[in-house]
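Just so it is clear, the model here is predicted, and its values are computed rather than measured. Indexing begins at 1, ligand by ligand and atom by atom, following the structure's order.
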Amino acid sequence: MSDRIDFNDEDSNRSANPTFDSVLANRLNRRGLLLGGVSAAVLTACGGGSGGGGVGFPILPPAPAPAPAPAPAPGPAPGPVEKLLGFGAVAKSLADSVVIPVGYSASVIYALGDPLSGTTPAYANDGTDTDFENRGGDHHDGMEWFGLGADGKRSDSSIDRGLLAVNHEATTDETLASFFLHANGGTTTLPRPAAEVDKEVAVHGIAVLEVRKDGAGKWSYVQDSAFNHRVTPLTEIDIAGPAKGDALMKTKYSPTGVKTRGTLNNCGTGKTPWGTFLTGEENWVNYFTRAAGDDTARGNDKSVTSLKRYGRTAGTASRHGWESAGADDKYQRWNISKTGASTDGTDDYRNEMNGMGFVVEFDPYNKSKLGVKRTALGRYAHESIAFSKPVVGQKVACYMGDDARNEYFYKFVSDAVWSEADANPVDPLATGAKYLDQGTLYVARFDADGAGTWQELSLSNPAVAGFAGYSFANLADVVVNARLAADAVGATKMDRPEWCATNPANGEVYLTLTNNSNRRIEPASSSQLAPDPANPRVYTDMKGATAQSGNPNGHILRMADAGGNPASTSFRWDVYAFGAESGANADTVNLSKLTGDQDFSSPDGLVFSRSTGICWIQTDDGAYTDVTNCMMLAALPGQVGDGAKKTLTYQRADSTQYTVDTMIGKQPTADTLKRFLVGPSGCELTGLCETPDGKAIFVNIQHPGESTKQANLADPSKYTSQWPSNAGYGAGKRPRSATIVITKDDGGRVGS
Ligand code: FEO
Ligand code: CA
Ligand code: CA
Ligand code: CA
């Protein structure tokens, strides 16, 4: 990240939940050695990758040139010679390029501003473009594949035609304006001009676009496909589940509290077992403003408690100042101050923020259907949504993180049990209602010795019903204020839960904890936390002359529900891997003993391939970016409990010791964890989906050049990235978020 305000790192949990201050001091020395010398790829700047036939791409194929490709495998099944993670590891890189292994090709297929209708002009990329409702949005994030058959209908076996449903999370800004979208960088003072705001609003949300592979194996999107469409923060959306029609949801726009406008800060994604798209709303809180006197205007009622818990104290400015663009409701909705005289909020937007922060379900095949906010899954800073493997006759579970410092990890379990007839339903959103509108929301408490429990968030739980910090009126109040309910049950405060994903091999759930600058051995304020078994590291990592303290590199947790039953309320857990620099102390920081081919920092995106079983790990980092751009690694992990307990011993200032026992998974080897890709300057890697044969993966490059100074807009040589124009993709030199497709030159599965 740059030195700007990090809108992706909210910090408002001041609840007094317990941490695990001390556990057994029984030290277990694990044998481990630094693996090294594994053939690291050497970068040479030469032309585009072979075989893709797409636009020129600044892939940097390591020398020497690839060996002649063997004959392509005949079908989706792997050939007998396939070795997963058989590729040569990609070295860390600061190049403004996508770097992939020898034998692979990549090309850009869909970038910010690309036209999504046959009549929309090509993207000029100079700030003059408009009509973003018919163009690619910004900051590509989570993404899912939905196959299309030759008949133009859903096909789960199609490998050459499909829809990509893409999250467009945010835009690049320095002060208010999304400066790459405006010819002169835009207005950095209030009020913001409506024409600028209209563009900025429209680049948020989601896109659905058709992609196809031609006879030569080249992938591209179909500009005039009838499936293409955008959903923006102004598109009407239905509210479903416990909060539908509740007093908390009533606004001037929807006096009955059954609808809202749009979806915002769409980060991680999910794909339901019934074939719909789920998008998680993450850092929406920053888009709303609240007047300095609003606590008093609200009579200091319990809505003030809720607003503070979700990070909107009175007198907070909004990220872009959209509320300043005019009197029209579409601008005024971003001001959540109580301005009306009504008692129920139907004459203003005091409740508007209660309409954001959900998982939203869409039928990607049917753009005429409104999206649906599934409020039963809780309101917080959502990342991805990972489903348990559906088993006939069993309840269906999905797992979800809340990405902010010291926030929580959640699970929702349906009331309905799975029926195979629902795998390909006539009315997919009705099936969504069946499994996602009635059920039980839980939050995770991670205990010592690798044990943990799921705490129920409902008024049936006395800890929720009797919570002194907030009086819940009903289940709607519990799900809308899920963070407060989670505080009530003593959930474990985590190091920023990002994506989670389910290992198809065994049903275990993996969770990235990206980093936490608020961990301290001796917490000095209510925002700081001592390490605990599941968030056990506190250390200082240097970035140049800057000391980064807490858990700057993050870790990846995994958990197994008891008995393999996703409805269980207990689980086992361990840490699959700790992010670290390979040269960091292996006894205190590099606990997974990562080598130079494996080291990473700030894990974020996490997706298991349903074809190869590979666990793809993507980073969104600012801690190790003095050495390498963000990256993607391929992993073949084992299972919970395949490692051992480890005691970390810390010295307090008074020389007493503080110890934490954690559970560390088996040390990765050169055959089980390897860097596959490094992205261009300033980007994060996020979002991954694949064709069902595993032979093409789609990956998103978000916000290259994010740290560019707005004052340098007129001088492209001062952009901190010119990707993907430096790859020959599109007009102009302004950097653009984009989707790339990666294939293996020998026709094999990606990751082999
Ligand atoms: Fe959108 Fe927490 O990343
Ligand atoms: Ca460092
Ligand atoms: Ca993320
Ligand atoms: Ca992140």
Side-chain angles (χ1 to χ4, degrees), residues 1-2 6-11 92 94 137-143 166-172 204 206 263-269 279-287 319 357 359 380-385 400-409 494-500 511-517 539-556 579-585 589-590 594 596 599-607 617-628 630-632 679 682-687 700 702-703 706 737:
M1 300 299 295
S2 61
D6 183 359
F7 290 109
N8 303 313
D9 186 13
E10 192 234 326
D11 171 27
K92 293 184 282 287
L94 289 169
D138 205 354
H139 282 209
H140 300 40
D141 205 311
M143 177 168 54
V166 184
N167 277 350
H168 290 294
E169 184 180 29
T171 75
T172 298
H204 290 71
I206 67 166
T263 184
L264 186 61
N265 271 97
N266 305 81
C267 186
T269 52
T279 179
E281 299 174 334
E282 190 194 13
N283 294 306
W284 39 273
V285 67
N286 302 304
Y287 287 69
R319 177 172 177 172
V359 169
Y380 37 94
H382 277 279
E383 290 273 334
S384 70
I385 307 94
M400 301 160 288
D402 179 358
D403 179 16
R405 276 176 283 174
N406 306 337
E407 292 299 345
Y408 306 126
F409 189 54
M494 308 298 288
D495 288 347
R496 295 186 56 195
E498 295 255 19
W499 284 63
C500 55
L511 168 65
T512 55
L513 296 158
T514 197
N515 53 56
N516 191 347
S517 56
Y539 58 99
T540 297
D541 168 65
M542 296 307 294
K543 183 181 181 185
T546 304
Q548 307 175 118
S549 298
N551 174 14
N553 303 122
H555 55 292
I556 303 173
E581 299 181 10
S582 59
N585 186 311
V589 178
N590 187 13
L594 305 179
D599 58 346
F600 65 89
S601 178
S602 303
D604 186 340
L606 189 80
V607 176
I617 301 164
Q618 301 171 313
T619 69
D620 172 17
D621 185 42
Y624 202 14
T625 44
D626 51 337
V627 172
T628 183
C630 288
M631 64 181 72
M632 189 165 95
C683 80
E684 72 173 88
L685 269 293
T686 183
N700 282 329
Q702 185 184 108
H703 63 62
E706 180 188 41
S737 297

A.B. asks: Flag the pair His168 / His140 as yes when at least one side-chain heavy-atom distance between them is below 4.5 Å, and no otherwise.
C.D. replies: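 A side-chain contact under 4.5 Å exists here.
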
A.B. asks: Nearest N/O/S atom of Glu581 with respect to the Ca ion (ligand 2), by atom name, please.
C.D. replies: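 Closest N, O or S atom of Glu581 to the Ca ion (ligand 2): OE2.
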
A.B. asks: Show, in sequence, the C-alpha distance, side-chain angles and deciding distance for Asn515 and Arg496, and conclude whether the side chain to side chain contact (heavy atoms under 4.5 Å, CB included) test is met.
C.D. replies: CA-CA 6 Å; Asn515 53 56; Arg496 295 186 56 195; 3.3 Å; yes

A.B. asks: What are the two closest non-hydrogen atoms of Pro603 and Ile617, and how far apart are they?
C.D. replies: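 Looks like CB-CG2, 4.2 Å.
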
A.B. asks: We want to know whether Tyr624 and Asp599 form a side-chain donor-acceptor pair, criterion being a heavy-atom distance below 3.5 angstrom.
C.D. replies: yes

A.B. asks: Please identify which of these residues, Asp604, Asp138, Asp141, meets the side-chain hydrogen bond (donor to acceptor under 3.5 Å, both in side chains) condition with Gln702.
C.D. replies: Asp141

A.B. asks: How many protein N, O or S atoms sit closer than 2.8 Å to atom 1 (Fe) of ligand 1?
C.D. replies: 3

A.B. asks: Test of geometry: compute the angle O(Met542)-the Ca ion (ligand 2)-OD1(Asp541) and round it to 10°.
C.D. replies: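 Taking the Ca ion (ligand 2) as the apex, the two atoms subtend 100°.
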
A.B. asks: Which heavy atom in Leu685 sits nearest to a heavy atom in Gln618, and how many Å separate them?
C.D. replies: O-CB, 3.2 Å

A.B. asks: If you look at every heavy atom in His382 and Glu282, which pair is closest and at what distance?
C.D. replies: O-CB, 3.3 Å

